[in-house]
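Single-structure report; data block below.
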Amino acid sequence: MNSTQIILKSSTRDLILVTGGAGFIGSNFVLSWLKNTGDSVLNLDLLTYAGNPANLAELEGDACYTFVRGDICDPELVASLHREHRPWAVVHFAAESHVDRSIVSPEAFVRTNVLGTFTLLEQARLYWMGLNGAERERFRFLHVSTDEVYGTLGAGDPAFCETTPYAPNSPYAASKAGSDHLARAYFHTYKMPVLTTNCSNNYGPFQFPEKLIPLMILNALEGKPLPVYGDGKNVRDWLFVEDHCAAIRRVLEAGKPGECYNIGGNSERANIDVVTAICDLVDELRPVGAPRRRLITFVEDRPGHDRRYAIDAAKIARELGWKPAEKFESGLRKTVRWYLEHPEWVENVRTGAYREWIAQNYAERREVHGLGTRD
Ligand code: NAD
Ligand code: DAU
């Protein structure tokens, strides 16, 4: 092999197209992908309120990373990115992702999650059909979805598995279910190599502080009320975000096209237990006179609030050998530390629009009682 061929090889690295890579899970995924593989990343993100280029600041000047600000609902843009960058895979995170916002303003969820996913699938299909044999064989479209599509569980019900019937309860969950059905149809009808992952609640660095864990960490730190919805006994199955990223890499590497894989943390916790654990960690790491648990305030419930989610992740463990590496207690400690150590990141995301959302969501939510007055 002569030197020209070597240069040619190193300048034509494999590339994946990531959508929503400036969001919470997407940015963790982009960072971990670049650390763990020799591929380049093209990140298409609209930078809505939830997208934050600061999450990827360490990639500035990195020739393996390209950022494009744009909308997944724009077919011409999506087609041109496929044409020019020739990805071997699309990893689709972009979405409206917050359940409470979907209750207040559902339209954006249908647009981005349903129409946006359709636009991506369709443009990826047109690109994939034009690939040569080997490239066509290798191409993958990985659709990142959620356990919320399965609806809600009672205390004694078995965990969600891949064959659990869909029963979405919020506009967010319904829009994700719609996108899952489109992904399924593109495999079934066109034999396009689509993979779908349905994951439980993620937590970790870079999560926007409208979601339970970062909101509670920051409110506890600042001595503000900790608004727990309903009786606080709703259960979620928590997964450290790095474990989710590792699972997605594994599905891309070895998952079978047309299949769905459930991903979960084996860490079911009631919300009230998560919030008290956060209070205790913040007390330990930033002590003040009185325990933060006193800030817990039970407020009016989320309408249609799903009682319990739990994931049966046996299929991905059995077929692909993936299991979560992080325990909830150690992952939560790392997460609390991360928020305490990144006050500038926190300050930058708490814009005027963020403050308006917090005011709207919580000011109208009647306080039911504080922890001290609970029966
Ligand atoms: P997020 O809200 O933090 O990030 C979403 C990203 O998508 C943002 O960067 C935003 O700018 C971008 N985006 C939104 N609309 C867009 C559009 N029209 N075009 C291009 N980009 C757009 O979300 P997240 O929590 O990181 O979730 C990522 C994905 O994982 C979502 O599909 C979500 O449904 C799924 N998921 C999330 C969780 C969780 O616990 N957060 C669990 C399971 C599955
Ligand atoms: O299960 C996966 C899903 O997890 C993802 O698909 C969603 O994108 C993600 O946002 C998350 O949805 P949840 O609604 O479960 O997450 P959230 O952090 O909003 O809430 C977690 C639990 O905490 C839920 O039972 C509602 C409750 N909660 C939430 C907030 C914001 C409170 O009690 N108080 C709060 O202020």
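The analysis underlying the following values was restricted to heavy atoms, covering all of them including side chains, and did not include hydrogens, waters or symmetry mates. We count residues from 1, following the sequence as given. Remember, it's 1-based here, ligands and their atoms both numbered in the order they're listed.
For ligand 1, the atoms sitting less than 4.0 Å from at least one non-hydrogen atom of Asn201 are 40 (O), numbered in the order shown with element in parentheses. In summary, the atoms of ligand 1 found under 4.0 Å from a heavy atom of Thr48, numbered by their order in the structure, are 10 (C), 11 (O), 14 (C), 15 (N). Residue-ligand proximity, Lys176 to ligand 1, at heavy-atom distances under 4.0 Å covers atoms 31 (C), 32 (O), 33 (C), 34 (O). For ligand 2, the atoms sitting less than 4.0 Å from at least one non-hydrogen atom of Tyr362 are 30 (C), 31 (C), 35 (C), 36 (O), numbered in the order shown with element in parentheses. Ligand 2 places these atoms under 4.0 Å from at least one heavy atom of Tyr172: 5 (C), 6 (O), 7 (C), 8 (O). Less than 4.0 angstrom separates some heavy atom of Glu210 from each of these atoms of ligand 2: 31 (C). Taking a cut-off of under 4.0 Å to the non-hydrogen atoms of Lys211, the atoms of ligand 2 that pass are 10 (O), 18 (O). Listed by number with element, the atoms of ligand 2 under 4.0 Å from a non-hydrogen atom of Val228 are 33 (O). Close approach to Gly70 involves these atoms of ligand 1, each under 4.0 Å from a residue heavy atom: 19 (N), 20 (C). The distance from ligand 2 to the heavy atoms of Asn271 drops below 4.0 Å at these ligand atoms: 22 (C), 23 (O), 24 (C), 25 (O), 27 (C). Heavy-atom proximity to Asp71, at under 4.0 Å, picks out these atoms of ligand 1: 17 (C), 18 (N), 19 (N). For ligand 2 and His98, the ligand atoms under 4.0 Å from any heavy atom of the residue are 19 (O). Atoms of ligand 2 found under 4.0 Å from any heavy atom of Asp147, numbered from 1 in the order shown, are 1 (O), 2 (C). Interface of Ala94 with ligand 1, defined as ligand atoms under 4.0 Å from a residue heavy atom, comprises 7 (O), 21 (N), 22 (C). Using a 4.0 Å cut-off to heavy atoms of Ser145, the atoms of ligand 1 that qualify are 43 (C), 44 (C).
With a 4.0 Å cut-off on non-hydrogen atoms, Val99 touches ligand 2 through its side chain and not its backbone. Residue contacts with ligand 1, taken as heavy atom pairs separated by less than 4.0 Å, do not involve Asn52 at all. Under 4.0 angstrom from ligand 2, the non-hydrogen atoms of Leu215 all belong to its side chain.
Distances shorter than 4.0 angstrom do not occur between any heavy atom of Lys176 and any atom of ligand 2. Contact analysis puts Tyr172 in contact with ligand 1, with a non-hydrogen atom separation below 4.0 angstrom. The shortest separation from a heavy atom of Ala22 to ligand 1 is under 4.0 Å, placing the residue in contact.
Side-chain atoms of Trp322 and Asp243 form no donor-acceptor pair, as typed in the model, at a separation below 3.5 Å. At a cut-off of 3.5 Å, with distance as the only test, a side-chain donor of Glu122 or Tyr186 sits close to an acceptor on the other residue. Residues Arg101 and Tyr49 have side chains that bring a donor and an acceptor to within less than 3.5 angstrom of each other. Under 3.5 Å, the side chains of Glu326 and Ser330 contain a donor-acceptor pair of N or O atoms. Looking at Tyr229 and Asp100, their side chains do bring a donor and an acceptor atom within 3.5 Å of each other. Counted by atom type alone, Arg249 and Thr37 present zero donor-acceptor pairs between their side chains at under 3.5 Å.
Polar contact check, Arg111 against ligand 1: no nitrogen or oxygen pair lies under 3.5 Å apart. For ligand 2, the polar-atom distance check finds an N/O of Ser97 within less than 3.5 Å of one of the ligand's N/O atoms. On a distance-only criterion, Trp238 and ligand 2 share no N/O pair closer than 3.5 Å. Checked against a 3.5 angstrom limit, the closest N/O atoms of Leu44 and ligand 1 fall outside it. Considering both main-chain and side-chain atoms, Asp100 never comes within under 3.5 Å of ligand 2 through any nitrogen or oxygen pair. For ligand 2, the polar-atom distance check against Asn234 finds no nitrogen or oxygen pair separated by under 3.5 Å.
When the shell of 6.0 Å around CD of Glu268 is examined, it contains more than 12 heavy atoms from other residues, nucleotides or ligands. Few gaps surround NE2 on His342; more than 12 heavy atoms of other groups in view lie less than 6.0 Å from it. More than 12 heavy atoms of other residues, nucleotides or ligands lie within 6.0 Å of CD in Glu341, so this atom counts as buried by the packing criterion.
Considering CG of Asn266 and CG of Asp237, their distance stands at 6.5 Å, rounded to 0.5 Å. If you take CD1 on Ile278 and CG on Leu221, they are separated by 12.0 Å, rounding to the nearest 0.5 Å.
Protein heavy atom nearest atom 19 (N) of ligand 1, with residue, atom name and distance: Ile72 N, 3.0 Å. Scanning the protein heavy atoms around atom 5 (C) of ligand 1, the nearest turns out to be Ala95 O, 3.4 Å. Looking only at heavy atoms of the protein, atom 33 (O) of ligand 2 is closest to Tyr229 N, 2.8 Å. Taking atom 9 (O) of ligand 1 as the reference point, the nearest protein heavy-atom neighbour is Asp45 OD2, 2.6 Å. Atom 37 (C) of ligand 1 has its closest protein heavy atom at Ile25 CD1, 3.4 Å. At the shortest separation from atom 3 (C) of ligand 2 among protein heavy atoms lies Glu148 OE2, 3.0 Å. Nearest protein neighbour of atom 11 (C) of ligand 2, counting heavy atoms only, is Asn201 ND2, 3.4 Å. The nearest protein atom to atom 21 (N) of ligand 1, hydrogens excluded, is given as Leu46 N, 3.0 Å; this is a heavy-atom distance. If you check which protein heavy atom lies closest to atom 4 (O) of ligand 1, you get Gly23 CA, 3.4 Å. At the top of the distance list for atom 40 (O) of ligand 1, counting protein heavy atoms only, stands Asn202 N, 2.9 Å. Looking from atom 31 (C) of ligand 1 to the surrounding protein, the closest heavy atom is Phe93 O, 3.1 Å.
Here atom 2 (O) of ligand 1 lies nearest to Ser97 when heavy atoms of Gly26, Ser97, Gly21, Ser27 are compared. In this comparison of Gly204, Cys73, Cys199, Ala108, the heavy atom closest to atom 43 (C) of ligand 1 sits on Cys199. Ranked by closest heavy atom to atom 19 (O) of ligand 2, the top entry among Arg101, His305, Arg302 is Arg302. Closest heavy-atom approach to atom 15 (N) of ligand 1 within the set Asn28, Val144, Thr112: this belongs to Thr112. Between atom 18 (O) of ligand 2 and the options Val299, Leu226, Leu212, Asp237, the minimum heavy-atom separation is to Leu212.
Classification of the His82-Tyr127 ring pair by plane angle, with boundaries at 30° and 60°, yields tilted. Taking the six-membered ring where tryptophan is involved, the planes of Tyr150 and Tyr166 are perpendicular, since the angle between them exceeds 60° and thus also 30°. The aromatic rings of Tyr309 and Phe160 lie tilted to each other, with the angle between the two planes from 30° to 60°. Note on ring orientation: taking the six-membered ring where Trp is involved, the planes of His244 and Phe93 are perpendicular (angle over 60°, cut-offs 30° and 60°).
In this structure a side-chain-to-backbone donor-acceptor pair under 3.5 Å is missing from Asn271 to Gly232.
No chain of hydrophobic side-chain contacts below 4.5 Å, direct or via other Ile, Leu, Val, Met, Phe, Trp or Tyr residues, connects Trp33 to Phe139.
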